[in-house]
Amino acid sequence: MTDLIQTIAIYAIPVIFAITLHEAAHGYVARMLGDPTAEQAGRITLNPMKHIDPIGTLLVPVGILLMSKLMGGPGMLFGWAKPVPVDFGRLRRPKKDMLWVALAGPAANLFMAILWVISMRLYLAGGIQEGYWYQMAMAGINVNLVLMALNLLPIPPLDGGRIVFSLLPNRLAWQYSRIEPYGLMIVLLLLVTDVLWMLMQPILQLGTAIVTWFL
């Protein structure tokens, strides 16, 4: 139990920042491209309370973390925040601009991972290679890279699914969008069968290579 509490303490701040900036980035780019829906809903904010989903952000991640620890495996996190409302029809070029709105969230996570790497570099320069803040920086890198990779998977309604929809010809795009009602079930099925992590590996490796440039 002590180990679990320590893990939660280390991951809490990185997770909160990761989901908050991810969602706020969607809303900010949507506003830039003509849709004020997120702004009107008060979702372009760094206040995490506006983005936290009690089930997806709190109960599910803690539950999965607890189960993975009790089963003797490494701590594993999976969850989601309240999606930022975006009215794609109000974007200046709805189908094309959807790509940039979708890409904004994963890009924000990559940016945060880089910031955590820079903070780790400062710790290393100061001779700090362990301790709470160093472990938090490690967690910040991992959380943001995982969130980026997860969201870039081409499964609607994940950001990767929106990106694919934006790039496909109209007829194929609308056929592809019919997957969306089953998207979360597909992700959960991939998670429990361990296929999800295999699919995420190429994106994780790319993200790791990018953030390593700043170490």
Side-chain angles (χ1 to χ4, degrees), residues 6-33 44-46 48 51 57 61 65 73-81 84 96-155 158-164 166-167 187 190-191 194-215:
Q6 289 176 342
T7 301
I8 293 174
I10 289 168
Y11 275 86
I13 291 177
V15 167
I16 289 172
F17 272 108
I19 63 170
T20 297
L21 270 72
H22 178 104
E23 295 300 334
H26 284 312
Y28 179 74
V29 172
R31 184 183 66 181
M32 287 178 59
L33 297 175
I44 305 180
T45 175
L46 298 183
H51 305 289
T57 313
L65 181 63
M76 185 171 63
L77 284 173
F78 178 81
W80 59 88
V84 162
K96 292 183 178 180
D97 289 344
M98 180 187 294
L99 182 149
W100 303 112
V101 174
L103 195 58
N109 290 126
L110 180 60
F111 176 71
M112 281 185 282
I114 291 171
L115 292 183
W116 283 113
V117 166
I118 292 173
S119 70
M120 178 182 288
R121 184 174 181 176
L122 294 175
Y123 295 145
L124 291 172
I128 301 173
Q129 298 185 28
E130 56 184 15
Y132 176 73
W133 294 106
Y134 183 83
Q135 292 181 57
M136 182 183 292
M138 288 283 292
I141 297 167
N142 293 330
V143 164
N144 280 285
L145 289 181
V146 167
L147 191 57
M148 178 193 73
L150 174 64
N151 276 280
L152 285 176
L153 292 178
I155 305 171
L158 297 179
D159 298 328
R162 304 285 189 206
I163 292 169
V164 171
S166 178
L167 295 173
V187 171
L190 293 174
L191 174 67
D194 286 334
V195 176
L196 185 66
W197 305 109
M198 181 179 68
L199 295 176
M200 290 166 54
Q201 281 306 309
I203 308 174
L204 283 171
Q205 290 172 4
L206 176 60
T208 301
I210 293 172
V211 300
T212 301
W213 297 341
F214 297 86
L215 187 60

> Residues two or more places apart in sequence or in another chain: which of them pass side-chain contact (heavy atoms from CB on, under 4.5 Å) with Phe111?
Replying inline: Leu115

>> Could you work out, with side-chain contact (heavy atoms from CB on, under 4.5 Å) as the rule, every residue matching Leu199, not counting sequence neighbours?
In response: Leu153, Leu190, Val195

What's the shortest heavy-atom distance between [X] and [Y], and which atoms?
{"X": "Ala9", "Y": "Tyr132", "answer": "O-OH, 3.1 Å"}
{"X": "Ala137", "Y": "Tyr123", "answer": "CB-CE1, 4.1 Å"}
{"X": "Ile10", "Y": "Met136", "answer": "O-CG, 3.7 Å"}
{"X": "Met200", "Y": "Leu150", "answer": "CE-N, 3.9 Å"}
{"X": "Val143", "Y": "Pro14", "answer": "CG1-O, 4.2 Å"}
{"X": "Lys96", "Y": "Trp100", "answer": "O-CD1, 3.8 Å"}

Could you pull out all donor-acceptor pairs under 3.5 Å where a side-chain atom in residues 16-29 meets a protein atom, sequence neighbours excluded?
from, atom 1, to, atom 2, distance (Å)
Thr20, OG1, Ile16, O, 2.7
His22, ND1, Gly105, O, 3.2
His22, ND1, Asn109, OD1, 2.6
His22, NE2, His26, NE2, 3.1
His22, NE2, Asp159, OD2, 3.1
Glu23, OE1, Val84, N, 3.1
His26, ND1, Val101, O, 2.6
His26, NE2, Asp159, OD1, 3.3
His26, NE2, Asp159, OD2, 3.3

> salt bridge (Lys or Arg N to Asp or Glu O under 4.0 Å): which pairs involve residues 132-153, sequence neighbours left out?
Replying inline: none

To the nearest 0.5 Å, what is the distance between [atom1] on [X] and [atom2] on [Y]?
{"X": "Tyr134", "Y": "Met138", "atom1": "OH", "atom2": "CE", "answer": "5.5 Å"}
{"X": "Ile203", "Y": "Leu110", "atom1": "CD1", "atom2": "CG", "answer": "12.0 Å"}
{"X": "Met98", "Y": "Ile163", "atom1": "CE", "atom2": "CD1", "answer": "11.0 Å"}
{"X": "Arg162", "Y": "Leu167", "atom1": "CZ", "atom2": "CG", "answer": "14.0 Å"}

> Among all residues two or more places apart in sequence or in another chain, which pass the side chain to side chain donor-acceptor pair (under 3.5 Å) test with Asn142?
Replying inline: none

Cut-off 3.5 Å, no hydrogens considered: what does the side-chain donor-acceptor table look like for residues 205-215, sequence neighbours left out?
from, atom 1, to, atom 2, distance (Å)
Thr208, OG1, Leu204, O, 2.8
Thr212, OG1, Thr208, O, 2.5
Trp213, NE1, Ala209, O, 3.3

> Can you find a heavy atom in the side chain of Asn144 that is under 4.5 Å from one in the side chain of Ile114?
Replying inline: no

